[in-house]
Amino acid sequence: MKKKILALYYSQTGQMREILDALFLPLADMPDIAVTCREIKPQQTFPFPWTRNSFLDVFPESVLEMPVELCPPDINEEKPDLLVLAFQPWYLSPSLPVTSFLQTPLAAKLFADTKVVTVIGARNMWVQSLACVKARIESLGGTLAGNIVLTDRAPNLISVVTIAYWMFSGKKDRLWGIFPLPGVAPDDIEGSSRWGKLLGETLTQNRLDDLGKNLTDLGAAEISGPLARMEKRGKKIFLLWAKAMIKHPSKRKLLLNLFFVELIVGIVILSPLYSLANMAAGFFKRKQKQVSS
Ligand SMILES: Cc1cc2nc3c(=O)[nH]c(=O)nc-3n(C[C@H](O)[C@H](O)[C@H](O)COP(=O)(O)O)c2cc1C
């Protein structure tokens with residue numbers, strides 16, 4: 001009997017679909033595996049490119065994981081052998097369509113007692129969003145069997161500029177011909193087929209329990225310590241802003257504008273300072289170790 005993989009994904013720009021196509025490419029040559037991909041579609045689409053207002057407006061609901069209405073998905077409820085959930089972070093939380101899907105009765109049926117592999121396509125801050133998704137998978141009775149992450153490899157500030165250009169212009173090209181391409185690099189997208197091969201082989205050999213460790217050992221989800229620490233602090237602050245916006249709907253616009261100022265200051269001034277402080281702390285720690293050994 002063929003092993004069934006059901007991949008559920010959302011993608012606004014098409015990047016996540018490209019990642020999945022590359023990931024599953026080697027599985028086309030595996031006769032024992034059948035892959036079905038289904039898109040999660042919100043009833044009200046999030047228009048791309050974004051405007052400043054529409055981009056800011058999804059902030060509180062994303063952070064507080066408040067669901068939006070979805071189109072009825074074209075999914076039969078037959079349990080797959082492996083679920084692949086492919087998502088992207090929005091404001092350090094899972095994107096609204098994916099958060100919403102995880103709160104549907106269909107998700108409760110599909111995820112119960114099912115092994116799940118998450119695939120993330122992010123700028124570079126995804127750890128907090130994965131924690132939310134993992135908690136939801138587990139509360140539905142599923143198990144996170146592995147995680148694959150593709151990020152923009154440009155330095156943090158450069159990727160902020162290029163992603164802002166991409167999101168607000170709709171163009172995934174080099175800004176002024178000098179900046180790197182925004183988003184996940186084409187080579188990295190193509191290279192994700194090696195994770196797909198591993199996934200297919202592990203599934204056919206009934207070794208899904210080893211998948212998570214194998215993916216981690218091979219570097220499928222590399223975590224940057226300084227970025228993860230920044231995310232942790234950022235998420236706490238985001239939650240405070242988001243709660244205030246939902247609690248005071250009449251002040252939502254004002255609070256969103258104030259939040260926007262804080263976000264820009266945080267990204268342009270505080271986050272480089274924070275990275276420098278982290279580097280200095282690491283340097284002194286290493287020095288101290290050398291002295292005491
Ligand atoms: C509203 C919004 C918020 C985002 N927040 C983050 C974030 O917190 N961390 C991150 O690494 N990327 C963030 N991104 C980038 C997305 O995760 C993703 O890489 C990009 O939107 C392309 O995804 P897609 O075309 O597959 O939907 C954000 C994008 C949007 C539109």
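All ligand and atom numbering here is 1-based and tracks the order in the structure. These numbers were taken from a predicted model, which means no experiment stands behind them. Index from 1, following the sequence.
Here the heavy atom of the protein found nearest to atom 26 (O) of ligand 1 is Ser11 OG, 2.9 Å. Of all protein heavy atoms, the one lying nearest to atom 27 (O) of ligand 1 is Gln12 N, 2.7 Å. For atom 12 (N) of ligand 1, the nearest protein heavy atom (residue, atom name, distance) is Arg123 N, 3.3 Å. Scanning the protein heavy atoms around atom 2 (C) of ligand 1, the nearest turns out to be Phe55 CE1, 3.4 Å. For atom 19 (O) of ligand 1, the closest heavy atom belonging to the protein is Gly121 O, 3.1 Å. The protein heavy-atom contact nearest to atom 25 (O) of ligand 1 is Thr13 OG1, 2.4 Å. Scanning all protein heavy atoms for the shortest distance to atom 20 (C) of ligand 1 gives Met167 CE, 3.8 Å. Looking only at protein heavy atoms, the nearest one to atom 22 (C) of ligand 1 is Trp166 CH2, 3.7 Å.
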Between Glu231 and Lys235, does the salt bridge (charged side-chain N to carboxylate O under 4.0 Å, His left out) criterion hold? Intermediate values first, please. CA-CA 6 Å; Glu231 262 195 66; Lys235 185 71 188 251; over 6 Å; no
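In the vicinity of Asn124, heavy-atom distances shorter than 4.0 Å reach the ligand 1 atoms 11 (O). Close contacts between ligand 1 and Met16 involve ligand atoms 26 (O) [criterion: under 4.0 Å to a heavy atom]. For ligand 1, the atoms lying closer than 4.0 Å to a non-hydrogen atom of Leu92 are 7 (C), 8 (O).
Summarising the geometry, atom CG belonging to Leu106 is positioned 9.5 Å from atom CD1 belonging to Ile40; distances are rounded to the nearest 0.5 Å.
Residues Ser54 and Phe46 fail the side-chain proximity criterion, which asks for heavy atoms closer than 4.5 Å. Contact check for Thr151 versus Arg123: no side-chain heavy atoms found under the 4.5 Å cut-off. Counting only heavy atoms from C-beta outward, the side chains of Asp152 and Asn124 never approach each other to under 4.5 Å. Side-chain contact between Ser129 and Gln88: absent, with no pair of heavy atoms (C-beta onward) separated by less than 4.5 Å. Using a 4.5 Å cut-off on side-chain heavy atoms (C-beta onward), Pro42 and Tyr10 make contact.
In terms of polar-atom proximity, Pro89 is counted as a contact of ligand 1, with an N or O under 3.5 Å from an N or O of the ligand. Geometrically, ligand 1 and Val58 share no nitrogen or oxygen pair separated by less than 3.5 Å. For ligand 1, the polar-atom distance check against Gln88 finds a nitrogen or oxygen pair separated by under 3.5 Å.
Taking the charged nitrogens against the carboxylate oxygens, Lys115 and Asp81 have no contact shorter than 4.0 Å, which rules out a salt bridge. Salt bridge annotation for Arg252-Glu61: present, with a cationic side-chain nitrogen under 4.0 angstrom from a carboxylate oxygen. Between Lys197 and Glu201 there is a salt bridge, since a side-chain N of the basic residue sits under 4.0 Å from a carboxylate O of the acidic one.
Note on ligand 1: Gly14 sits in its first shell, one or more heavy atoms being nearer than 4.0 Å.
Residue-level proximity to ligand 1 for Ile163 is carried by the side chain, the only part with a heavy atom below 4.0 angstrom. Under 4.0 Å from ligand 1, the heavy atoms of Trp50 that appear belong solely to its side chain.
Considering only non-hydrogen atoms, atom 5 (N) of ligand 1 lies nearest to Tyr91 out of Trp126, Tyr9, Tyr91.
With Lys213 as the fixed residue, the side-chain hydrogen bond (donor to acceptor under 3.5 Å, both in side chains) test singles out one of Asp210, Asp217, Thr216: Asp217.
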